[in-house]
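Below you'll find the structure, written out as structure tokens, and then a few comments.
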Amino acid sequence: GRADDERWAIWSTSDGRRLHEFPAGEVCLGEDPQDRLVTFRSKPSPQLSFWDPRDFQRTRELPLTSTNIIRTASLSPDRRTVVLSYPGRVGLADCDTGHIRREIPLPGMSELVTRLSPDNRILAALASKQNEVRLCDVGGTAEAVKLAEDRSSIFGLSLSPNEPVVATASVDGAVRLWEAPTGRLLAQPLQPQLDGVGEPVDLPAEGREIGGAVQPGPHRALALGHAG
């Protein structure tokens, strides 16, 4: 999480001690398949860094080469793909080599929040300024599907680890479930009784830690966070 000075830091879950603070500008994405911590920085040049979780020493730096300006990055659920966000498009890069395997055009969208499904087939992209969410079949050739417009601003989204379902959260407190990649609304908006605005919270399929999405699975539960 972020420390008071806006740097990303690691804390102990047992006693709350701050174990390490990353350099300014480094955003912690999570762990790669070798359990190394992965960080991303966009300036002065975009790159990934890999850190030993035992002593927090940087073990590798991996430049990301792109003709586009990379704004943000996130790790896929299988930790093998880095999702890179540019103005108007998204790139999918190999976490080990940095090679950008595919770019997906999303015209008119900027400052994206992206989510990739566990099977790497469905991409969900949120442009909060445009109040727009699009879904894309990564393996297909069809254009991205735009979700039906919501009069209340959308500020969060998440993907199910078990089923082709996307959850979006709006500032009016409503959570909506959509079929992926068709964009069909699956049910009436949910109105959780929370003291604040609800947002989908990522929960991995195995449910061991906070971190993937609507969890329809056997219990069909939805994890929510809220302001305050």
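The model shown is predicted, which means the values in this text are computed figures rather than measured ones.
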What is the distance from atom CD1 of Ile104 to atom CG of Leu84, rounded to the nearest 0.5 Å? 11.0 Å
Does one hydrophobic cluster hold both Leu37 and Leu19, with members joined at side-chain heavy-atom distances below 4.5 Å? yes
Begin from the C-alpha positions of Arg176 and Ser170 and carry the test side chain to side chain contact (heavy atoms under 4.5 Å, CB included) through to its verdict. CA-CA 8 Å; Arg176 292 171 173 82; Ser170 305; 3.4 Å; yes
Between Pro23 and Arg7, the two heavy atoms sitting closest are CA-NH1, 4.1 Å
Before giving the answer on side chain to side chain contact (heavy atoms under 4.5 Å, CB included), spell out for Leu112 and Thr72 the whole-Å C-alpha distance, their side-chain angles and the decisive distance to 0.1 Å. CA-CA 8 Å; Leu112 299 174; Thr72 61; 5.5 Å; no
For Asp52, the salt bridge (Lys or Arg N to Asp or Glu O under 4.0 Å) test, sequence neighbours excluded, returns Arg54
Kindly compute the distance separating CG (Asp94) from NE2 (His99), expressed to the nearest 0.5 Å. 8.0 Å
Can you name the closest pair of heavy atoms from Gly91 and Ile100 and give their distance? CA-CG2, 4.4 Å
When every non-hydrogen atom of Ile69 is compared with those of Pro87, the smallest separation belongs to O-CD, 3.4 Å
What is the distance from atom CG of Leu147 to atom OG1 of Thr168, rounded to the nearest 0.5 Å? 6.5 Å
Testing Arg41, Glu61, Arg58 for side-chain hydrogen bond (donor to acceptor under 3.5 Å, both in side chains) with Ser49, which one passes? Arg58
Looking at CD of Gln34 and SG of Cys95, how far apart are the two atoms once the value is rounded to the nearest 0.5 Å? 8.0 Å
How would you list, by chain and number, every residue that makes a side chain to side chain donor-acceptor pair (under 3.5 Å) with Asp78, sequence neighbours excluded? Ser76, Asn120
Passes side chain to side chain contact (heavy atoms under 4.5 Å, CB included), Arg79 versus Asp35? Steps please. CA-CA 9 Å; Arg79 306 185 292 177; Asp35 295 327; 3.3 Å; yes
Under 3.5 Å, is there a donor-acceptor pair linking the side chains of Ser12 and Arg17? no
By side chain to side chain donor-acceptor pair (under 3.5 Å) - contacts of Thr39 (at least two apart): Glu26, Trp51
For the residue pair Pro33 and Arg80, what are the closest heavy atoms and their distance? CG-CG, 3.8 Å
Do the side-chain N and O atoms of Ser45 and Gln47 include a donor-acceptor pair separated by under 3.5 angstrom? no
Which atom of Leu157 lies closest to which atom of Ala125, heavy atoms considered: CD1-N, 4.2 Å
May I ask you to test the Val82-Phe40 pair for a side-chain heavy-atom distance under 4.5 Å? no
So Pro107 and Arg134, do their side chains get closer than 4.5 Å, heavy atoms only? yes
When rounded to the nearest 0.5 Å, the distance separating CG of Leu126 from CE of Met109 is 6.5 Å
Once you round to the nearest 0.5 Å, how far does CG of Leu64 lie from CG of Leu48? 4.5 Å
Should Val145 and Leu177 be regarded as members of a common hydrophobic cluster, given that ILVMFWY residues are connected when their side-chain heavy atoms come within less than 4.5 Å of each other, either directly or indirectly? no
Quick one: are Leu106 and Lys146 in side-chain contact, heavy atoms under 4.5 Å? no
What I want to check is whether the side chains of Thr182 and Glu179 have a donor and an acceptor closer together than 3.5 Å. yes
Given side chains that start at C-beta, do those of Leu75 and Thr81 come closer than 4.5 Å, heavy atoms only? no
Main-chain N/O of Phe50 paired with Thr59 side-chain donor or acceptor, under 3.5 Å: yes
Minimal non-hydrogen separation, Gly98 against Leu62, with atom names: N-CD2, 3.5 Å
Quick one: do Ile70 and Ser42 satisfy side chain to side chain contact (heavy atoms under 4.5 Å, CB included)? Show the steps, please. CA-CA 6 Å; Ile70 300 175; Ser42 59; 5.6 Å; no
